[in-house]
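Just so you know, ligand 1 is whichever comes first in the structure, and atom 1 is the first atom listed for that ligand. These figures come from a predicted structure and were not determined experimentally.
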Amino acid sequence: MFIANLDQAPDEFEGHFVRKSSFSAWVPIMYGCNNFCTYCIVPYVRGRERSRSKESILAEITKAVAEGYKEFTLLGQNVNSYGKDLGLTYAFSDLLRAVDAIPGVERIRYMTSHPRDMQEDLIKTVAESKHICKHFHIPVQSGSTRIIKAMNRSISREAYLKLVKLIRSYVPDAVITTDLIVGFPGETEEDFQDTLKLLEEVDYDVAYTFIYSKRSGTPAASMPDQVPVAVKKERLRKLMDVQNVHSLGRNKRLVGKTLEVLVEGPSHNNPQVCSGRTDGNKLVLWPLGNKQYEIGSKVKVHIDRAQTWLLKGSVIE
Ligand code: SF4
């Protein structure tokens, strides 16, 4: 399961190591948030940012590797702020490099990364690393600078596009995904068109789309010009229609390529089919035949077909 937005994560994250599966684990590296996006309740309920010590994180991952875990997702509401509350000069990219160096760690993911705070050093670290997935989840929420400002997200559309360009300059095949909210208070048709244009410009692999809904106690809940539900639904439909074309297009570019896939086990829908995920978190299915694949092992899959949400192929080794 991929939680696009950590705001949806369960409270168990307030503990440490959380088993996602027998080979994959979530590792909270910090709690809380200082950002106060105007639609979000998290800073009010989870408090200000608190980072765990790097020693405790690295020890936990080392122990988990010994127990057979291979994939680690480092969690925080804004991982780019890691260590700032501790007064450390040790940045999130330093932590990533340290995890990358732990023998036995096969894949490293992280979320969530506020695009305003994503620095070149982090992108460079991902590009140069052996095990950090070349997947950048950078939630933009809207394509309109005016709406992004009303959301208190503190990044302009132009700065965001510059960031995308920088990511692609270091990692040309990067999988780039985002979160988008439609119908934020005051969102005009022109603002919405800016969001649609952003989808065209970035060519995201996936956009996780949400309809704005009021969270009481947040500034946005009492903002004027709330968007009617029918308009929000129509905008969401249009957004998904445009994004689906891009998701399919991005997946089609992988047809004919051989990708490394981490085995997750038989598909939930069809036990004759095995499933796994690429470095870019794309779901891949292939026929099991009479073979057995160890969960958490890596296989090479030749991609034969692409759909909007998944890839189909055949194992070549
Ligand atoms: S960065 Fe914004 S959306 Fe994310 S948890 Fe913090 S306040 Fe909420």
For ligand 1, which atoms have a heavy atom of [X] less than 4.0 angstrom away?
X: Gln77; answer: 5 (S)
X: Val42; answer: 5 (S)
X: Pro43; answer: 7 (S)
X: Cys33; answer: 1 (S), 5 (S), 6 (Fe), 7 (S)
X: Cys40; answer: 3 (S), 5 (S), 7 (S), 8 (Fe)

Q.
Under the side-chain contact (heavy atoms from CB on, under 4.5 Å) test against Met118, which residue among Ile155, Leu163, Asn78 passes?
A. Leu163
Q | Partner of Val261 under side-chain contact (heavy atoms from CB on, under 4.5 Å), chosen from Ile303, Leu283, Val284 | A |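 So the option named by the test is Val284.
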Q: Indicate if the distance from atom 8 (Fe) of ligand 1 to the nearest N, O or S atom of Cys37 falls below 2.8 Å.
A: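 Checking Cys37: none of its N, O or S atoms is under 2.8 Å.
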**Q.** Contact check, Arg153 vs ligand 1, heavy-atom distance below 4.0 Å
**A.**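 Within the 4.0 Å threshold, so yes.
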Q: May I ask you to check whether over 12 heavy atoms, not counting those of Arg305, lie within 6.0 Å of atom CZ?
A: no
Q.
Tell me the contacting part of Phe36 for ligand 1: side chain, backbone, both, or neither, using a 4.0 Å heavy-atom threshold, strictly below.
A.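 Just the backbone.
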Q) Under 30°, 30 to 60°, or over 60°: which ring-plane class applies to His135 and His137, parallel, tilted or perpendicular? A)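 His135 and His137: perpendicular rings.
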Q. What is the ring orientation for Phe184 with Tyr39, classed by angle as parallel under 30°, tilted 30 to 60°, or perpendicular over 60°?
A.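 If you compare the ring of Phe184 with that of Tyr39, the planes turn out perpendicular.
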(Q) Out of Asn80, Thr218, Asn35, Asp117, who is nearest to atom 1 (S) of ligand 1 when you count heavy atoms only? (A) Asn35
Q: Find out whether the Lys NZ or Arg CZ of Lys238 is both under 6.0 angstrom from the six-membered ring centre of Phe192 and within 45° of the ring's axis.
A: no
Q) Are Phe36 and Tyr44 close enough, and set up right, to give a ring-ring contact (aromatic ring centres under 6.0 Å, His included), and what steps lead you there? A) CA-CA 8 Å; Phe36 292 93; Tyr44 304 98; 5.3 Å; yes
